[in-house]
Amino acid sequence: MTAAAAYDTYTQNNIQIESPEKLIEMLYEGIIRFCSMAKKSIEYGDIEKRVYWTNRAVAIFVELINTLDNERGGEVSHYLGGLYNQQIKFLNESNAQNSAEHLDVVIRVTKELLEAWREVTADELA
């Protein structure tokens, strides 16, 4: 699945998204869900599903990288770009090594990003 296809899937399935902020939240939730499914696939020994779910998570990170605004975002955009690329590296290593450990790292980091995103967007909406 390409990054554009991942984005299209989310926008098609969620026509009534309230805002771009909500879309980012949903993308983070998708990464967590897909990584969890990849972990289950490792447990069940299903290589095809592991690759499928991992690739879906990678596609979301690629889309997040493509949407960063380095001119306006400055250091934050630069930091997030590096962080997203690191998560892609962990996902690829998980696939290559058939290891859930790297998936655990991605899940933990994404949960922290989601929590921080919710705090920031809640402050902006208040």
Same hydrophobic cluster for Val62 and Val51, using side-chain heavy-atom links shorter than 4.5 Å among ILVMFWY? no
Separation between CD1 of Ile31 and CD of Glu63, rounded to the nearest 0.5 Å: 11.0 Å
Rounded to the nearest 0.5 Å, what separation is found between the CG atom of Leu103 and the NZ atom of Lys40? 13.0 Å
Out of curiosity, Ile32 CD1 to Leu114 CG, how far, rounded to the nearest 0.5 Å? 5.0 Å
Can a salt bridge be assigned to the pair Glu115 and Arg118 using a cut-off of 4.0 Å between side-chain N and carboxylate O? no
Strictly by modelled atom types, are Ser19 and Glu21 linked by a side-chain donor-acceptor pair under 3.5 Å? yes
Look at the side-chain heavy atoms of Ile, Leu, Val, Met, Phe, Trp and Tyr, link any pair under 4.5 Å apart, and say whether Ile88 and Tyr79 land in one connected group. yes
Check salt bridge (charged side-chain N to carboxylate O under 4.0 Å, His left out) between Asp104 and all other residues, then give those that pass, not counting sequence neighbours. Lys39
Enter the distance from Arg72:CZ to Asp69:CG here, rounded to the nearest 0.5 Å. 5.0 Å
Over all atoms of both residues, closest heavy-atom pair of Ser41 and Trp53: OG-CD1, 3.7 Å
Other residues, nucleotides, ligands: >12 heavy atoms within 6.0 Å of Glu112 CD: yes
Exam field: side chain Ser94 to backbone Ala100, donor-acceptor pair closer than 3.5 Å: no
Please name the residue in the list Lys49, Arg56, Arg50 that meets the side-chain hydrogen bond (donor to acceptor under 3.5 Å, both in side chains) test with Tyr52. Arg56
Transitively linked via ILVMFWY side-chain contacts under 4.5 Å: Met37 with Ile47? no
Can you tell if the side chain of Thr110 reaches within under 4.5 Å of the side chain of Cys35, non-hydrogen atoms only? no
Distance in Å, Leu91 CG paired with Thr54 OG1, rounded so as to fall on 0.5 Å steps: 6.0 Å
Can you find a heavy atom in the side chain of Asn55 that is under 4.5 Å from one in the side chain of Phe34? no
Step-by-step side chain to side chain contact (heavy atoms under 4.5 Å, CB included) determination, His78 to Val76: CA-CA 5 Å; His78 180 72; Val76 173; over 6 Å; no
If I compare all heavy atoms of Ser77 with all of Asn70, which pair ends up nearest, and what's the gap? CB-OD1, 3.2 Å
Using modelled atom types only, decide if a donor and an acceptor are shared between the side chain of Thr67 and the backbone of Leu64 within a distance under 3.5 Å. yes
Using side chain to side chain contact (heavy atoms under 4.5 Å, CB included), reason through Leu113 and Leu83 one step at a time and then give a plain yes or no. CA-CA 10 Å; Leu113 286 167; Leu83 185 63; 3.8 Å; yes
Could you tell me whether the side chain of Phe61 reaches within less than 4.5 Å of the side chain of Val106, counting heavy atoms only? yes
Using the side chain to side chain contact (heavy atoms under 4.5 Å, CB included) rule, take Ser36 and Ile107 through it: C-alpha gap first, then chi angles, then the decisive distance, then the call. CA-CA 8 Å; Ser36 296; Ile107 290 169; 3.9 Å; yes
Within residues 93-121 or reaching into it, pairs that qualify as ring-ring contact (aromatic ring centres under 6.0 Å, His included) - sequence neighbours excluded: Phe90-His102
